[in-house]
Protein chains: 4
Amino acid sequence: MEQLAGKKKAILDTTLELIREHGFHGTPMSLVAKKAGVAAGTIYHYFESKDALICNVFSYIMTNAIEAMQQNDSESLPYKYRFYNLWLNLYRFYSHNPNVLIFFEQFVNSPYQKLMHDTKQDKIRQHLNLFMAQGVRDGFLREANPEVLSVLVLGNIITTAKMMRLRHVSITEQELLQIREIIWDGMTKRS
Amino acid sequence: MEQLAGKKKAILDTTLELIREHGFHGTPMSLVAKKAGVAAGTIYHYFESKDALICNVFSYIMTNAIEAMQQNDSESLPYKYRFYNLWLNLYRFYSHNPNVLIFFEQFVNSPYQKLMHDTKQDKIRQHLNLFMAQGVRDGFLREANPEVLSVLVLGNIITTAKMMRLRHVSITEQELLQIREIIWDGMTKRS
Amino acid sequence: MEQLAGKKKAILDTTLELIREHGFHGTPMSLVAKKAGVAAGTIYHYFESKDALICNVFSYIMTNAIEAMQQNDSESLPYKYRFYNLWLNLYRFYSHNPNVLIFFEQFVNSPYQKLMHDTKQDKIRQHLNLFMAQGVRDGFLREANPEVLSVLVLGNIITTAKMMRLRHVSITEQELLQIREIIWDGMTKRS
Amino acid sequence: MEQLAGKKKAILDTTLELIREHGFHGTPMSLVAKKAGVAAGTIYHYFESKDALICNVFSYIMTNAIEAMQQNDSESLPYKYRFYNLWLNLYRFYSHNPNVLIFFEQFVNSPYQKLMHDTKQDKIRQHLNLFMAQGVRDGFLREANPEVLSVLVLGNIITTAKMMRLRHVSITEQELLQIREIIWDGMTKRS
DNA sequence: TATGAATGAGGATTCATTCAT
DNA sequence: TATGAATGAATCCTCATTCAT
């Protein structure tokens with residue numbers, strides 16, 4: 001989660017944390033300013049408005065998520081291995097950054113989302129789409145619309161990551177791997 | 001979605017619709033009053049505060065969701081048939097009531113959620129939990145924590161219902177049944 | 001200057017007075033509220049915004065000015081008499097309502113003016129235009145564009161009314177009548 | 001309108017233009033800085049405050065106006081000729097510098113005016129006073145308070161110059177000369 | 001029950017001004 | 001001189017809530 005420096009980063013990080021805790025509405029700019037250690041007006045040097053700030057937090061997060069997802073991936077690895085790695089990468093990212101997960105969900109279901117014209121918006125799903133399409137083409141996955149598959153996988157990862165956080169269901173490492181297996185098994189052809 | 005009458009229902013319905021469209025923050029009580037055709041003060045006869053109103057909308061929705069889920073279910077039916085029916089019931093409910101879907105997600109990821117002490121909070125998952133436990137016990141599903149399974153199923157249904165709405169991925173009836181099959185296969189298949 | 005009642009009138013009157021004294025910028029809504037004896041929010045029940053309030057003050061004033069101008073006028077009276085009366089009516093109005101005069105000037109030279117789509121905008125000059133046209137047609141005034149004449153007369157009246165207020169030149173009743181004579185003499189044909 | 005050089009002049013000119021367009025309130029220092037091509041802080045090297053800047057713009061303009069007014073004037077010329085020349089000089093100046101005209105009016109009706117202790121404040125009227133007094137003394141003008149006459153003449157010129165700009169009344173060269181004649185006739189004619 | 005005018009605390013945003021470089 | 005990031009007081013406006021009718 002590192003890449004910007006100084007006040008701008010402080011503002012973004014603070015906003016992310018506060019919004020996770022108090023929601024968009026419950027997070028006044030004055031509070032962001034105070035927690036980030038800057039003056040209220042300073043925020044407006046870096047971001048045009050509260051909306052813009054929130055959208056920037058989204059982009060900032062997205063960049064990190066995409067990076068995390070692709071770690072240790074390589075076209076030369078076996079498909080199933082790649083899938084398992086990708087699944088775990090994303091799961092770990094969301095799981096280790098609960099702020100992101102909750103912010104993300106709040107954002108997607110909010111009117112803010114409409115303000116985003118960023119192509120970054122869904123790089124994750126685009127990447128997944130390609131990966132799924134390849135799996136179908138090469139016979140690793142059952143015949144199905146790759147777009148549908150990638151939404152399912154993404155939903156599955158997020159659901160799993162949220163499980164403990166929101167549903168108070170705690171899972172063991174073993175269960176985690178089982179969940180990954182369930183979605184993989186479901187997507188592969190019946191033997 | 002019918003069961004209350006008169007102004008109270010009008011207020012609940014209006015609130016639901018407005019919040020889906022504009023979010024919690026973007027929905028002032030005055031707007032609810034105007035759209036519902038009542039005076040601002042009238043809302044406070046039925047609900048203690050805005051928070052209470054929002055929580056009541058949640059309960060109201062939940063009641064409907066639970067009802068929808070259980071339609072045509074019976075213990076005497078075959079397990080897989082029951083699962084398929086239950087899946088489709090919930091999918092259809094969310095799919096036909098997009099307001100509910102979005103409100104629900106917003107609510108769950110918001111600070112309002114903490115205000116709910118209602119046991120109704122997760123009747124859906126409780127019902128699912130029992131159903132999954134039975135499936136595991138009777139050998140229809142693979143050995144797994146029933147709680148985990150029900151969260152996965154619920155996540156899968158919601159993901160599917162949101163697919164078209166939020167991700168602009170449209171799915172055919174055939175794909176829909178395939179998705180249902182994927183999650184079933186994943187939960188039953190042994191590697 | 002009477003016609004509305006209650007808080008709305010209080011707000012308009014207070015605004016007029018404060019703006020004359022401190023200018024548009026120097027008159028915060030909070031001050032208007034305090035002086036008018038209402039809560040800040042109350043102003044927004046009656047006026048959409050500060051801009052709208054200011055434009056409303058203008059309309060409010062205009063209505064009064066038009067009324068004052070036409071007092072004791074009648075088509076059956078001699079032309080010169082009508083002119084003298086009209087001149088004095090307007091002069092007296094501006095002179096007795098210095099708030100109006102200054103507000104008016106500030107308004108006309110400000111960006112607020114562009115927000116006015118009110119046809120009331122220049123009823124005074126329209127009325128004057130007709131009156132001047134008649135005077136030219138009937139040979140009482142020299143051959144000249146009536147529009148030009150009415151602007152000259154209006155400018156003359158306002159200049160006179162402002163004289164004491166802004167230029168610290170005080171004039172006697174006799175000088176006043178002389179001024180009126182000067183503009184009349186200028187506009188009538190050379191003998 | 002030339003006499004200072006470099007950044008100071010750029011700041012003054014920019015301020016004048018921006019204030020005409022957007023008013024005192026609508027012209028932030030940051031905008032002046034940007035349009036003038038200097039840093040915000042630089043303005044404060046030349047002017048103590050925004051108020052001081054605005055008052056300086058006024059003085060700057062005044063200097064130019066006075067200069068323009070006296071062009072081609074000489075005590076040895078015939079009185080009526082001198083009046084006609086003076087009238088046209090001022091008219092032309094205001095007419096060719098609409099920024100000045102509007103700024104001037106805004107300034108005079110604003111609280112800024114009170115901050116001016118500059119004797120320049122009304123050099124124009126002082127000059128006019130002397131000229132009118134001479135006219136009355138030498139029998140060119142009717143018996144009247146010279147101060148009153150000069151205010152009338154000044155008001156007449158400004159009214160005329162504003163006519164096109166603010167009232168959207170366009171006047172021909174011929175009408176222009178007629179207006180000048182009207183005010184002259186009014187001031188000289190005896191009934 | 002129902003109304004809606006009134007409230008006023010709270011929040012987003014602006015902008016004159018400063019100061020370290 | 002010149003810069004422009006940073007400041008934070010001040011301002012406009014919103015909106016949940018109350019209460020007299």
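By convention in this document, chain letters (A, B, ...) are assigned in the order of the sequence lines, proteins followed by strands, and residues within each chain are numbered from 1. Bear in mind that the values here come from a model prediction, so they are computed numbers and not experimental data.
- Summarising the base pairing, E:dT13 is matched to F:dA10 through a Watson-Crick or G-U wobble pair whose two defining distances lie under 3.5 Å.
- In this structure, C:Lys7 reaches the E:dT7 phosphate: one of its side-chain N or O atoms is under 4.0 Å from OP1 or OP2.
- Here the P atom of nucleotide E:dT14 and the NE2 atom of C:His25 are 15 Å apart, to the nearest Å.
- Here the P atom of nucleotide E:dG11 and the CZ atom of A:Phe24 are 17 Å apart, to the nearest Å.
- Side chain of A:Lys50 to backbone of A:Thr27: a donor-acceptor contact under 3.5 angstrom is found.
- Nearest-nucleotide positions on DNA chain E for B:Val38 and A:Tyr44 put B:Val38 closer to the 5' end.
- Between the C1' atom of E:dA2 and the CD1 atom of B:Ile43 lies a distance of 12 Å, rounded to the nearest Å.
- A close approach under 4.0 Å does occur between a side-chain nitrogen or oxygen of B:Thr42 and OP1 or OP2 of E:dT3.
- Spacing between atom NZ of D:Lys34 and atom P of F:dA5 amounts to 13 Å, rounded to whole angstrom units.
- The side chain of B:Ala39 approaches E:dG4 more closely than any other nucleotide in the set F:dG8, E:dT7, E:dG4.
- Nearest-nucleotide assignment on DNA chain E puts the 5′-proximal partner with A:Ser49, out of D:Ala40 and A:Ser49.
- Closest approach of A:Thr42 to A:Lys7, counting heavy atoms only: CG2-CD, 4.4 Å.
- Taking the side chain of B:Pro28 as heavy atoms from C-beta on, and the options E:dG8, F:dC15, F:dT1, the nearest nucleotide is F:dC15.
- The nearest whole Å value for the distance from the CD1 atom in D:Ile54 to the C1' atom in E:dT17 is 15 Å.
- With hydrogens and angles ignored, the 3.5 Å screen pairs a side-chain donor or acceptor of C:Thr14 with a backbone N or O of C:Ala10.
- Ring centroids of B:Phe58 and B:Phe104 are separated by less than 6.0 Å, placing the two rings close together.
- Between B:Lys50 and A:Gly37, the residue anchored nearer the 5' end of DNA chain F, judged by the nucleotide with its closest heavy atom, is A:Gly37.
- Remark: the C:His45 side chain and the E:dA5 base include no donor-acceptor N/O pair separated by less than 3.5 Å.
- Residue contacts for A:Phe47: at a heavy-atom cut-off of 4.0 Å it reaches no nucleic acid atom on any strand shown.
- Pair assignment for F:dA2: E:dT21, on the basis of Watson-Crick or G-U wobble contacts that are both within less than 3.5 Å.
- Nucleotide F:dC13 holds its C1' atom 16 Å from the CE atom of A:Met29, rounded to whole Å.
- Distances shown here put every side-chain N or O of B:Ser30 at or beyond 4.0 Å from the OP1 or OP2 atom of F:dC15.
- Look at OH on C:Tyr112: it is 11 Å from C1' on F:dC12, rounded to the nearest Å.
- The CG atom of A:Asp51 sits 16 Å away from the P atom of E:dG11 (whole-angstrom rounding).
- Comparing B:Gly26 and D:Tyr46 by the nucleotide of DNA chain F whose heavy atom lies nearest to each, the residue mapping closer to the 5' end is D:Tyr46.
- Judged by distance alone, with hydrogens and angles left aside, the side-chain atoms of D:Lys34 form no donor-acceptor pair with the main-chain N or O of D:Ala40 at under 3.5 Å.
- More than 12 non-hydrogen atoms from other residues, nucleotides or ligands lie less than 6.0 angstrom from CD of A:Glu21.
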